[in-house]
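The structure appears right after this line, and notes come after that.
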Amino acid sequence: MSIRPLPLLLLLSAGICRAGTLEVRINDAKGSAVADAVLTLTPLDNTGNGIKPAPEVRQIDQRDERFVPYVEVFKPGDQVVFHNSDGTQHHAYSFAPEATFEMVLKPGEASQPITLPNSGTIAVGCNIHDNMITYLVVSEAPWFGRSSEDGHWRVDDLPAGRYRLTAWHPQIRPAGKPLVREIDPGDGTSKIELTLELGPDPRGEHDRERLDY
């Protein structure tokens with residue numbers, strides 16, 4: 001599970017700071033856990049100002065003819081590095097307006113850090129192996145992350161207030177439209193279950209015919 005919290009200083013009208021825990025479970029239409037769903041949490045109340053942490057560098061690996069992870073989350077200003085851990089040559093490209101790049105990586109090679117300055121969703125593919133794809137999601141939300149293999153995402157020390165919770169996945173249906181809920185977690189621990197309608201996984205089977213590239 002990956003959580004990217006930005007610390008917030010909240011000054012409530014009563015002068016009392018309260019915090020709770022939010023636990024979200026993401027399911028598909030059959031009730032199975034959904035991994036790699038992107039969750040964002042944005043305050044709806046005027047709860048104060050946020051402090052932006054320093055930019056971070058995250059790595060996307062090319063392993064077993066897949067980009068790993070399938071989805072990664074960033075904040076504006078973070079950087080991404082692509083690394084080829086396979087024994088075959090790979091490609092990485094994006095035509096997204098938020099970040100346009102193209103490179104070929106030989107076995108063992110890594111790219112230079114690529115800065116992601118703007119929020120948005122960046123699809124990255126490989127021209128050599130068409131089944132390879134990853135999504136870089138850049139968000140300005142104070143809290144964001146992706147669901148774990150068992151479909152969970154958790155935020156601790158969440159200040160009391162009203163929030164907009166969004167859930168998105170590369171295979172969500174209707175395509176590209178996130179699920180949005182307005183919530184008021186309150187004190188203590190709040191548990192929420194969300195169901196996403198998902199299409200088929202576009203990654204399919206590994207492209208064994210091109211292993212010698």
Side-chain angles (χ1 to χ4, degrees), residues 1-4 26-28 30 32-40 53-139 144-153 167-173 175-176 196 198-213:
M1 172 165 46
S2 177
I3 299 177
R4 309 286 186 253
I26 306 295
N27 301 315
D28 63 15
K30 297 180 180 179
S32 299
V34 173
D36 292 318
V38 175
L39 288 303
T40 68
E56 299 181 57
V57 179
R58 308 196 190 287
Q59 179 171 292
I60 304 294
D61 200 11
Q62 294 172 314
R63 187 191 324 142
D64 298 329
E65 290 190 42
R66 296 211 174 198
F67 286 105
V68 181
Y70 180 30
V71 178
E72 185 58 285
V73 290
F74 303 81
K75 61 184 179 297
D78 283 350
Q79 294 181 316
V80 60
V81 171
F82 292 90
H83 183 268
N84 183 358
S85 294
D86 275 340
T88 183
Q89 183 169 284
H90 283 311
H91 186 243
Y93 72 93
S94 163
F95 297 140
E98 294 85 0
T100 301
F101 53 83
E102 186 172 9
M103 70 197 75
V104 174
L105 296 174
K106 296 178 181 178
E109 283 188 339
S111 73
Q112 293 296 314
I114 300 168
T115 301
L116 306 175
N118 302 312
S119 60
T121 300
I122 303 161
V124 180
C126 171
N127 271 336
I128 299 174
H129 304 94
D130 294 338
N131 60 297
M132 291 179 61
I133 189 168
T134 185
Y135 294 86
L136 317 180
V137 181
V138 187
S139 175
F144 61 95
R146 56 188 169 92
S147 58
S148 59
E149 289 297 321
D150 61 1
H152 285 88
W153 182 63
W168 177 87
H169 190 276
Q171 295 154 228
I172 197 169
R173 296 292 182 268
L196 302 184
L198 302 180
D201 191 332
R203 293 171 292 177
E205 297 296 328
H206 297 335
D207 189 354
R208 294 301 178 190
E209 296 181 359
R210 297 188 176 184
L211 281 176
D212 297 328
Y213 272 75

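- When all heavy atoms are compared, the tightest approach of Ser119 to Pro76 is N-CG, 4.3 Å.
- Every residue two or more places apart in sequence or in another chain that forms a salt bridge (charged side-chain N to carboxylate O under 4.0 Å, His left out) with Asp201 is listed here: Arg203.
- Going from atom CG of Leu136 over to atom OG1 of Thr121 covers 9.0 Å, rounded to the nearest 0.5 Å.
- Of all heavy-atom pairs spanning Asp61 and Ser85, the tightest one is OD1-OG, 2.7 Å.
- Val34 has its side chain out of reach of Gln171: every pair of non-hydrogen atoms, C-beta onward, lies at least 4.5 Å apart.
- Put simply, the side chain of Glu65 reaches to within 4.5 Å of the side chain of Asp86, judged on heavy atoms.
- Here Ile26 contributes atom CD1 and Ser32 contributes atom OG; the two are 13.5 Å apart, rounded to the nearest 0.5 Å.
- Distance CZ/Arg66 to NE2/His90: 12.0 Å, rounded to 0.5 Å.
- Looking at heavy atoms from C-beta onward, Glu56 lies in side-chain contact with Lys75 at the 4.5 angstrom threshold.
- Side chain of Thr115 to backbone of Pro117: no donor-acceptor contact under 3.5 angstrom is found.
- Listed here is the closest heavy atom pair of Pro202 and Tyr70: CD-OH, 3.4 Å.
- Looking at residues two or more places apart in sequence or on another chain, you find a ring-ring contact (aromatic ring centres under 6.0 Å, His included) between Phe82 and Phe101.
- Considering all non-hydrogen atoms of both residues, Leu105 and Ser111 come closest at CD2-N, 3.9 Å.
- Atom CD of Gln112 sits in a sparse spot, with 12 or fewer heavy atoms from other residues, nucleotides or ligands closer than 6.0 Å.
- The two residues Leu39 and Ala37 make their nearest non-hydrogen contact at CD2-O, 3.3 Å.
- Nearest heavy-atom pair, Ala110 versus His83, reported as atom, atom and distance to 0.1 Å: CB-CD2, 3.7 Å.
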One pair to check against side-chain contact (heavy atoms from CB on, under 4.5 Å): Thr40 and Val137. What are the steps and the verdict?
CA-CA 11 Å; Thr40 68; Val137 181; over 6 Å; no
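- Remark: Ile172 CD1 to Leu196 CG distance equals 4.5 Å, nearest 0.5 Å.
- Glu72 contributes atom CD, which lies 5.5 Å from atom CZ of Arg58 (distance to the nearest 0.5 angstrom).
- Between Asp78 and Val138, every side-chain heavy-atom pair lies at or beyond the 4.5 Å cut-off.
- Residue Met132 holds its CE atom at 10.0 Å from CG of Asp64, rounded to the nearest 0.5 Å.
- Proximity of Val71 to Val38: side-chain heavy atoms (C-beta onward) are separated by under 4.5 Å at one or more points.
- Take Tyr93 and apply the ring-ring contact (aromatic ring centres under 6.0 Å, His included) test, not counting sequence neighbours, and it matches His91, Phe95.
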